[in-house]
Engineer: 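Let me give you the structure first, and then I'll get to my questions.
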Number of protein chains: 2
Amino acid sequence: MGNDFYNILKTLKLKATPKRIAIMEILADEPTYLSPDEIRSRLKGRFKNIGLPTVYRNLEELADSGIIIKIIHPDRKLYYFYCHNREHHHHFVCVQCRKVEDINFCGMEEIKNEVEKNLKAHMVSHMLQVYGFCKDCLKKQTISL
Amino acid sequence: MGNDFYNILKTLKLKATPKRIAIMEILADEPTYLSPDEIRSRLKGRFKNIGLPTVYRNLEELADSGIIIKIIHPDRKLYYFYCHNREHHHHFVCVQCRKVEDINFCGMEEIKNEVEKNLKAHMVSHMLQVYGFCKDCLKKQTISL
DNA sequence: TATCTAAATAGAAATGTTTTTTATTTAAAA
DNA sequence: TTTTAAATAAAAAACATTTCTATTTAGATA
Ligand SMILES: [Mn+2]
Ligand SMILES: [Mn+2]
Ligand SMILES: [Zn+2]
Ligand SMILES: [Zn+2]
């Protein structure tokens with residue numbers, strides 16, 4: 001039965017509203033990251049009325065709960081992506097076609113060690129993201145490196 | 001003579017305007033990251049007229065040239081910081097007092113390997129940032145971890 | 001199944017950072 | 001000095017994101 005978003009939302013103690021489920025379905029079907037407004041456009045095909053604040057609020061909640069991820073983009077806008085990999089990992093983001101791919105290297109141990117032993121600080125979170133051109137975009141030869 | 005910002009700007013092929021130099025001096029004197037508007041407030045003490053677009057433009061140019069760094073903050077606002085360390089490195093950012101400290105671990109080799117060998121992609125840039133509470137803020141005991 | 005309540009929502013309005021525009025000024029090269 | 005491209009101030013605009021509030025709804029409970 002594929003992705004059981006209803007039960008995922010239950011587990012997260014969020015009401016399984018049709019719009020919330022639709023947002024997850026849309027993201028899970030999409031191989032690229034999407035902006036809140038693009039997500040709303042897709043929702044318009046399924047719902048007569050849909051408010052942009054609802055989209056923003058749900059995306060924030062779902063990202064906070066960890067079921068979707070927020071892409072930190074150089075253009076400083078918000079983008080979201082559904083990642084099936086439930087392990088801690090990071091992402092390679094293609095700045096041309098918006099593809100997102102897993103990076104299984106993190107270095108968290110070394111970072112944590114540096115922060116806690118050297119700086120005597122407490123690490124709350126870390127972010128690592130890699131930007132570039134993916135395999136397919138390189139093939140298309142539209143980029144001069 | 002300390003920091004020779006005039007010549008640094010010359011090297012970067014940027015005009016050494018008084019405001020540009022002042023922005024660099026302000027940042028170099030500051031142990032924390034500053035917002036564009038905070039930088040403008042400090043500039044107001046030195047210049048009668050100073051436009052916010054000028055501050056934004058200069059910060060962007062200086063960050064692009066690599067002489068100052070842009071802090072990617074969870075609050076999604078822009079912050080800038082003058083870092084004296086000219087080696088490639090990353091930062092620990094205290095979300096309470098805004099202190100910035102160097103992290104000398106990067107993992108770029110492993111990341112590059114993963115991106116180029118596994119994903120067959122081309123890496124343009126990467127960002128790594130660590131958020132937390134610094135040593136001093138931990139001492140003040142105002143945080144419950 | 002009907003009732004209830006906190007959570008979720010639409011729609012409109014506000015927010016506020018960042019960017020654009022244009023006329024003017026200035027750094028620094030010639 | 002003269003010249004010119006770069007930098008600037010000021011005002012306006014852009015525009016993504018958030019706030020507000022009345023209404024609706026999911027899902028618990030009787
Ligand atoms: Mn992933
Ligand atoms: Mn540094
Ligand atoms: Zn990690
Ligand atoms: Zn690095």
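Letters A, B, ... mirror the listed sequences (proteins, then strands); counts begin at 1.
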Engineer: Parallel, tilted or perpendicular: which describes the rings of A:H73 and A:Y79, with under 30° parallel and over 60° perpendicular?
Structural biologist: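 It falls in the tilted class, 30° to 60°.
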
Engineer: Whether A:Y79 contacts D:dT17 is assessed here as follows: a side-chain N or O lying under 4.0 Å from the phosphate OP1 or OP2. Is that the case?
Structural biologist: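 No, outside the criterion.
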
Engineer: Taking for each residue the nucleotide of DNA chain D bearing the nearest heavy atom, is the 5' side occupied by A:L14 or by A:P36?
Structural biologist: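 That would be A:P36.
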
Engineer: Need one value for A:K77: base, sugar-phosphate or nothing, where a base atom within 4.0 Å counts as base even if backbone is also close, heavy atoms only.
Structural biologist: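 A:K77: backbone/sugar contact only, no base atoms under 4.0 Å.
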
Engineer: Which atom pair, heavy atoms only, marks the closest approach of A:C83 to A:D102?
Structural biologist: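 Minimum heavy-atom contact is SG-OD1, 4.0 Å.
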
Engineer: Starting at atom CG of A:N7, determine the distance to atom P of D:dA26, rounded to an integer number of angstrom.
Structural biologist: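 Nearest whole value for this atom pair: 16 Å.
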
Engineer: Specify the separation, in whole Å, of atom NE2 of A:H73 and atom P of D:dT17.
Structural biologist: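 To the nearest whole Å, that distance equals 12 Å.
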
Engineer: Starting at CD of B:E60 and ending at C1' of C:dT20, how long is that distance when rounded to a whole Å?
Structural biologist: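 Going from CD in B:E60 over to C1' in C:dT20 covers 14 Å.
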
Engineer: Please give, in whole Å, the distance from D:dG27 C1' to A:L9 CG?
Structural biologist: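 Between C1' of D:dG27 and CG of A:L9: 14 Å.
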
Engineer: Would you mind classifying the nucleic acid contact of A:K10 as base, sugar-phosphate or nothing, using non-hydrogen atoms under 4.0 angstrom?
Structural biologist: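 Sugar-phosphate only.
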
Engineer: Among B:K70, B:K19, B:R20, find the residue that satisfies the salt bridge (charged side-chain N to carboxylate O under 4.0 Å, His left out) test when tested with B:E61.
Structural biologist: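 The option that passes is B:R20.
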
Engineer: With the criterion being N/O to N/O and under 3.5 Å, what pairs connect the protein with nucleotides 8-14 of chain D, and how long is each?
Structural biologist:
from: D:dT8; atom 1: OP1; to: B:T17; atom 2: OG1; distance (Å): 2.8
from: D:dT8; atom 1: OP2; to: B:R57; atom 2: NH1; distance (Å): 2.8
from: D:dT8; atom 1: OP2; to: B:N58; atom 2: ND2; distance (Å): 3.1
from: D:dT8; atom 1: O3'; to: B:K19; atom 2: NZ; distance (Å): 3.0
from: D:dA9; atom 1: OP1; to: B:K19; atom 2: NZ; distance (Å): 2.0
from: D:dA9; atom 1: OP1; to: B:N49; atom 2: O; distance (Å): 2.8
from: D:dA9; atom 1: OP2; to: B:G51; atom 2: N; distance (Å): 3.0
from: D:dA9; atom 1: OP2; to: B:T54; atom 2: OG1; distance (Å): 2.4
from: D:dA10; atom 1: OP1; to: B:N49; atom 2: OD1; distance (Å): 3.2

Engineer: Measure from NZ on B:K13 to P on D:dA7 and round the result to the nearest Å.
Structural biologist: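 The distance from NZ of B:K13 to P of D:dA7 comes to 13 Å, rounded to the nearest Å.
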
Engineer: If the plane angle is over 60° it's perpendicular, under 30° parallel, otherwise tilted; pick one for B:F5 and B:Y82.
Structural biologist: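 Rings of B:F5 and B:Y82: perpendicular, as their planes differ by over 60°.
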
Engineer: Atom CD1 of A:I21 and atom P of D:dG27: how far apart are they, to the nearest Å?
Structural biologist: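 Going from A:I21 (CD1) to D:dG27 (P), I get 8 Å.
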
Engineer: Return the value, rounded to whole Å, for the distance between atom CZ of A:R40 and atom C1' of D:dC15.
Structural biologist: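 Value for this atom pair: 13 Å.
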
Engineer: So, are B:E30 and B:R42 salt-bridged, with charged N and O less than 4.0 Å apart?
Structural biologist: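 Answer for the salt bridge query: yes.
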
Engineer: Testing A:M127, A:Q129, A:H126 for side chain to side chain contact (heavy atoms under 4.5 Å, CB included) with A:H90, which one passes?
Structural biologist: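 By the side chain to side chain contact (heavy atoms under 4.5 Å, CB included) criterion, A:H90 pairs with just one of A:M127, A:Q129, A:H126: A:H126.
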
Engineer: If the plane angle is over 60° it's perpendicular, under 30° parallel, otherwise tilted; pick one for A:F105 and B:F105.
Structural biologist: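 If you compare the ring of A:F105 with that of B:F105, the planes turn out tilted.
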
Engineer: Report the distance from atom NZ of A:K15 to atom C1' of D:dA28, rounded to the nearest whole Å.
Structural biologist: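 These atoms are roughly 10 Å apart.
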
Engineer: Counting just side-chain N and O atoms, does A:Y56 come under 4.0 Å of either OP1 or OP2 of D:dT18?
Structural biologist: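 Checking D:dT18 against A:Y56, no side-chain N or O comes under 4.0 Å of OP1 or OP2.
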
